[in-house]
Amino acid sequence: MNILHLLRQRFAAALDGLIDQPQSYLDLVLPSQDPRFGDYQANCAMPMAKELKKSPREIAAAIVHRLDVADLCDPPQPEIAGPGFINLRLKDGWLSNQLMKMSHDRDRLGIASADSPKTYVIDYSSPNVAKPMHVGHIRSTVIGDALYRILRFLGHRTISDNHLGDWGTQFGTIIFGYKHFLDVEAYREAPVEELCRLYKLVHQLVEYHDAKKTGLPELEARIAEQRREMEPLASALDGLEKPERKKTQKKMRQAEARLAELEEDLAAIQDRIAGVENHPTLRALAESYPDIGQQVLDETAALHAGDKFNTSLWNEFLPPCLEAIDGIYQRLGVSFNHTLGESFYHDRLASVVEDLKARGLATESEGATCVFLDGMDAPMIVQKKDGAFLYATTDLATIAYRVETFQPDVILYVVDHRQSLHFEQLFAAARKWGHESIGLVHVRFGTVLGEDGKPYKTRSGDAVELEGLLDRATERAYQIVCENDATRQIPILSESERRRIAEQIGIGAIKYADLSHNRESDYIFSYDKMLAMNGNTAAYMQYCYARVNGIFSKGDVDIDASRSRGDAIQIGHPAERALGLELVRFAETLDRVVADYRPNHLTAYLFSLAGRFAEFYEACPVHNAPDDATRHNRLLLCDLVARTIQLGLGFLGIDVVERM
RNA sequence: GCGCCCGUAGCUCAGCUGGAUAGAGCAGCGGACUUCUAAUCCGCAGGUCGCAGGUUCGAAUCCUGCCGGGCGUGCCA
């Protein structure tokens with residue numbers, strides 16, 4: 001039961017005939033932010049008053065007069081307050097009823113399926129197959145998985161598709177490495193590790209030559225130019241009057257900042273070069289393969305052209321790579337309906353470009369085939385002048401395939417915000433191409449930062465590998481679990497239980513930290529914060545669940561039997577009411593999450609629920625309740641809390657633990 | 001240069017489509033374990049919502065300008 005929907009329906013009936021376009025005013029029925037203003041409030045009287053040219057309080061009175069909520073709300077409510085707010089307070093009896101319904105609904109806690117189910121394709125995770133997954137993949141994976149679970153629960157046809165990077169230059173890189181630097185023994189022992197080593201080695205050599213050939217000279221030139229640009233600014237400063245002077249000073253500051261940045265880049269690139277040159281083996285390799293960059297591209301091109309040997313290598317490499325990635329997905333508890341990587345679309349790309357050309361959408365420009373888009377400066381390039389296709393081409397082919405295969409209403413792309421422009425172009429091009437009716441949404445997210453506020457990297461500047469991240473989080477969780485259990489008079493957890501709980505807490509911590517932030521903003525990755533027992537963390541929610549569970553096991557409660565007793569859940573104590581009201585709001589929270597694809601609304605809800613539970617826990621003893629009926633009531637409330645947390649964390653892909 | 005995004009407590013972050021006195025956690029201060037997990041809870045203190053205008057019954061939220069930061073910007077993904 002979504003209370004907001006219900007109330008809006010009632011208001012729709014009340015507003016009908018009172019004003020021309022009631023629909024837009026219904027959105028102004030909202031949860032109250034302060035309990036003194038009731039549980040819900042309607043703020044529509046004020047804007048309506050303007051349209052109808054009457055006083056807001058007069059309008060509010062008219063609305064209240066026509067509003068039929070006698071079954072839902074306490075008299076003398078709805079009351080009119082301030083300039084014309086209509087405050088609604090739900091009847092305790094009605095709340096009790098709703099709680100009862102939730103309690104009896106084993107699987108869905110009273111949450112209805114969508115009235116009009118849609119088909120969603122969700123594109124998320126999408127790692128490169130040839131390299132280890134790194135920190136940049138968690139957000140996409142975790143947010144996408146949460147949206148998938150929630151949409152599916154709400155009754156939508158939901159299709160997850162992991163659009164793997166399995167066809168790009170990274171394969172040319174390892175193919176080249178395999179042909180020239182393979183350690184046969186190591187490959188037999190642990191193929192994925194050896195391929196990773198090859199990738200890193202070849203990549204390092206390619207970067208080295210790039211840096212020497214173009215990167216370094218270009219940077220040096222830019223630094224020199226930056227210095228030249230700054231000279232006249234400094235000397236011009238003297239003769240200037242106030243406003244101009246200020247502007248010039250600002251330009252100076254900006255130029256200095258840019259220069260400092262460039263010099264930092266220079267130091268980094270010099271480090272990289274030195275890393276190879278100071279290493280005798282690497283240095284020798286670099287000297288032996290001066291054209292390694294081009295050779296890698298050639299290997300990639302040969303693969304794409306169907307070269308037999310390269311294709312056989314690709315077929316050999318892919319399974320163990322996928323297996324390694326699957327290992328991480330298993331640990332994360334993430335799975336996909338489809339895993340259609342770039343390679344799947346390879347033989348469709350030429351016809352996409354042909355079709356675009358035939359329809360006059362794509363044209364030749366500076367040797368490349370481009371789709372020019374209204375209002376955008378840069379075109380979307382779908383074929384390079386050397387004939388190769390780009391990810392824009394693959395993405396278009398993917399849209400076409402998904403449309404014909406799944407007939408989706410909406411395709412969600414859970415991809416970081418730096419690709420906003422790409423998706424803007426892609427969506428515009430797709431619409432021109434004829435896919436006007438499907439919703440294409442870039443569910444973008446910010447960068448994961450280190451504690452220094454810069455993108456999270458290792459000290460040497462490499463991406464942080466995901467596996468190590470998970471290991472470290474679970475290791476820290478293990479320490480916390482052990483320390484805590486050790487403070488008990490009699491420790492209650494076995495070693496294997498400690499390990500299992502630590503894994504659930506550690507993985508949960510990483511996921512929850514990610515999901516509890518507004519996805520659009522960057523966030524700082526901190527083990528201390530994500531594993532804290534206070535505040536909005538998975539561990540806190542898991543603790544809250546374990547506490548409820550503790551009540552049951554302490555009292556030797558058979559909660560299934562209690563549930564089926566059929567007595568109403570009575571609202572007595574204010575803390576019970578506040579808790580009950582929060583519980584009943586689960587449904588509207590999920591709708592809110594889905595409305596703009598923001599899982600952090602769910603974590604905020606769960607945290608707030610835990611807060612209401614903490615108050616209840618302090619104020620309302622369960623086992624020592626004044627009478628059996630109250631005890632029974634409170635047990636059922638506890639049960640609803642536990643199930644809401646379990647279901648809610650489950651939507652986020654996080655396990656609950658019975659004790660910790 | 002152009003485009004997109006961001007600026008909220010000392011720190012990390014919430015804040016719905018514009019609603020009433022802007023919220024959490026950490027850090028600080030003060031309290032609560034013979035009683036369901038104190039891994040907790042309660043209280044206090046802490047704010048010019050970057051700045052300046054504007055829109056209106058009402059602005060952290062919308063518009064304009066400025067200041068500060070991030071990202072992107074024709075053949076990588």
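Just so it is clear, the values below take in all heavy atoms, side chains as well, and ignore hydrogens, waters and symmetry mates. Chain letters run A, B, ... following the sequence lines, proteins first and then strands; every chain starts at 1.
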Handout entry: Side chain Arg592(A) and base U17(B) donor-acceptor under 3.5 Å
Key = no

Exercise for the section: Would you please confirm or rule out a distance under 4.0 Å between OP1 or OP2 of C76(B) and any side-chain N or O of Lys384(A)? Expected result: yes

Completion exercise
Scanning all shown strands, the Watson-Crick or wobble mate of G47(B) with both distances under 3.5 Å is none

Practice task
Could you check which nucleotide pairs with G7(B) in any of the strands shown, counting Watson-Crick or G-U wobble with both distances under 3.5 Å?
Solution key: C67(B)

Practice task
Using a 4.0 Å heavy-atom cut-off across all strands, classify Leu421(A) as base, sugar-phosphate, or nothing.
Solution key: sugar-phosphate

Completion exercise
C44(B) glycosidic conformation (syn if within 90° of 0, otherwise anti) is anti

Completion exercise
Of the listed A20(B), C2(B), G15(B), the closest approach to the Asp377(A) side chain comes from C2(B)

Practice task
Verify whether the ring centers belonging to Tyr40(A) and Phe11(A) lie closer than 6.0 Å.
Solution key: no

Exercise for the section: Using a 4.0 Å heavy-atom cut-off across all strands, classify Arg612(A) as base, sugar-phosphate, or nothing. Expected result: nothing

Problem - Earlier contact from the 5' end, RNA chain B, for Leu449(A) and Pro621(A) - result: Leu449(A)

Handout entry: Under 3.5 Å donor-acceptor, Arg519(A) side chain and Arg444(A) backbone
Key = yes

Practice task
Please tell me which of the listed nucleotides, A77(B), U17(B), A39(B), lies nearest to the side chain of Ile480(A)?
Solution key: A39(B)

Problem - Closest to the Lys554(A) side chain, choosing from C57(B), U40(B), U37(B) - result: U37(B)

Completion exercise
Taking a pair to mean Watson-Crick or G-U wobble geometry with both distances below 3.5 Å, G19(B) pairs with C57(B)

Problem - Sugar-phosphate only, base, or nothing, as touched by Glu483(A) at under 4.0 Å among non-hydrogen atoms - result: nothing

Problem - G19(B) OP1/OP2 closer than 4.0 Å to side-chain N/O of Tyr40(A) - result: no

Practice task
Please check the phosphate of C36(B) (OP1 and OP2 only) for any side-chain N or O of Asn624(A) closer than 4.0 Å.
Solution key: no

Practice task
Spell out yes or no: do the side chain of Gln33(A) and the base of A22(B) have one donor N/O and one acceptor N/O closer than 3.5 Å?
Solution key: no

Completion exercise
Per atom distances to the His417(A) side chain, the nearest of C71(B), C36(B), G74(B) is C71(B)

Exercise for the section: Report which part of the nucleic acid Pro47(A) touches: base, sugar-phosphate, or nothing (heavy-atom distance under 4.0 Å, all strands). Expected result: base

Problem - Base-pairing assignment for A14(B) (Watson-Crick or G-U wobble, both under 3.5 Å) - result: none

Exercise for the section: Without swapping roles, check the side chain of Arg8(A) against the backbone of Val29(A) for a donor-acceptor pair under 3.5 Å. Expected result: yes

Practice task
Would you mind telling me which of G72(B), U40(B), C75(B) lies closest to the side-chain atoms of Arg418(A)?
Solution key: G72(B)

Fill in the blank from the handout: Which of C5(B), A77(B), C13(B) is nearest the side chain of Arg444(A)? It is C5(B)

Handout entry: Modelled atom types, side-chain donor and acceptor of Gln542(A) and Tyr512(A), under 3.5 Å
Key = no

Practice task
Respond yes when some side-chain nitrogen or oxygen of Thr369(A) is under 4.0 Å from OP1 or OP2 of G74(B), and no when none is.
Solution key: no

Practice task
Please check if the side chain of Asp485(A) supplies one atom and the backbone of Leu493(A) the other of a donor-acceptor pair under 3.5 Å.
Solution key: yes

Exercise for the section: State the pairing partner of A27(B); accept Watson-Crick or G-U wobble contacts with both distances under 3.5 Å, and report none otherwise. Expected result: none

Exercise for the section: Would you mind classifying the nucleic acid contact of Thr487(A) as base, sugar-phosphate or nothing, using non-hydrogen atoms under 4.0 angstrom? Expected result: nothing

Problem - Selection from C57(B), G70(B), A38(B) that lies nearest to any side-chain heavy atom of Tyr543(A) - result: A38(B)

Exercise for the section: Kindly say if Asn600(A) contacts the phosphate of C13(B), meaning a side-chain N or O under 4.0 Å from OP1 or OP2. Expected result: no

Problem - Side-chain N,O (Arg547(A)) to OP1/OP2 (A38(B)) below 4.0 Å - result: yes

Handout entry: Side-chain N,O (Asn534(A)) to OP1/OP2 (U40(B)) below 4.0 Å
Key = yes

Exercise for the section: Indicate, with a heavy-atom threshold strictly under 4.0 Å, whether Cys544(A) touches base, sugar-phosphate, or nothing. Expected result: nothing

Handout entry: Carboxylate-amine/guanidinium proximity below 4.0 Å for Glu615(A) and Arg612(A)
Key = yes

Exercise for the section: Measure from the side chain of His517(A), starting at C-beta and using heavy atoms only, and say which of C75(B), U21(B), C13(B) lies closest. Expected result: C13(B)

Completion exercise
Paired to G74(B) by Watson-Crick or G-U wobble criteria (both distances under 3.5 Å) is none

Problem - Under 3.5 Å donor-acceptor pair, Ser365(A) side-chain atoms to G74(B) base atoms - result: yes

Handout entry: Side chain of Met46(A) - closest among A14(B), A39(B), G19(B)
Key = G19(B)

Problem - Contact nearer the 5' end of RNA chain B, comparing Gln41(A) with Ala368(A) - result: Gln41(A)

Exercise for the section: Using a strict 4.0 Å threshold on nitrogen-to-oxygen distance, state whether Lys454(A) and Asp452(A) make a salt bridge. Expected result: no

Practice task
Check whether the aromatic ring of Phe85(A) stacks on the base of G19(B), taking stacking as ring centres less than 5.5 Å apart and planes within 30° of each other.
Solution key: no

Exercise for the section: Indicate yes or no for a side-chain donor-acceptor contact from Ser140(A) to the backbone of His137(A) under 3.5 Å, with no hydrogens or angles considered. Expected result: no

Practice task
Consider the side chain of Glu366(A), meaning its heavy atoms from C-beta on, and name the nucleotide among C75(B), A20(B), C13(B) that approaches it most closely.
Solution key: C75(B)

Exercise for the section: Find the partner of U35(B): check Watson-Crick (N1-N3 plus N6-O4 or O6-N4) and G-U wobble (N1-O2, O6-N3) distances, both under 3.5 Å, and reply none if neither fits. Expected result: none

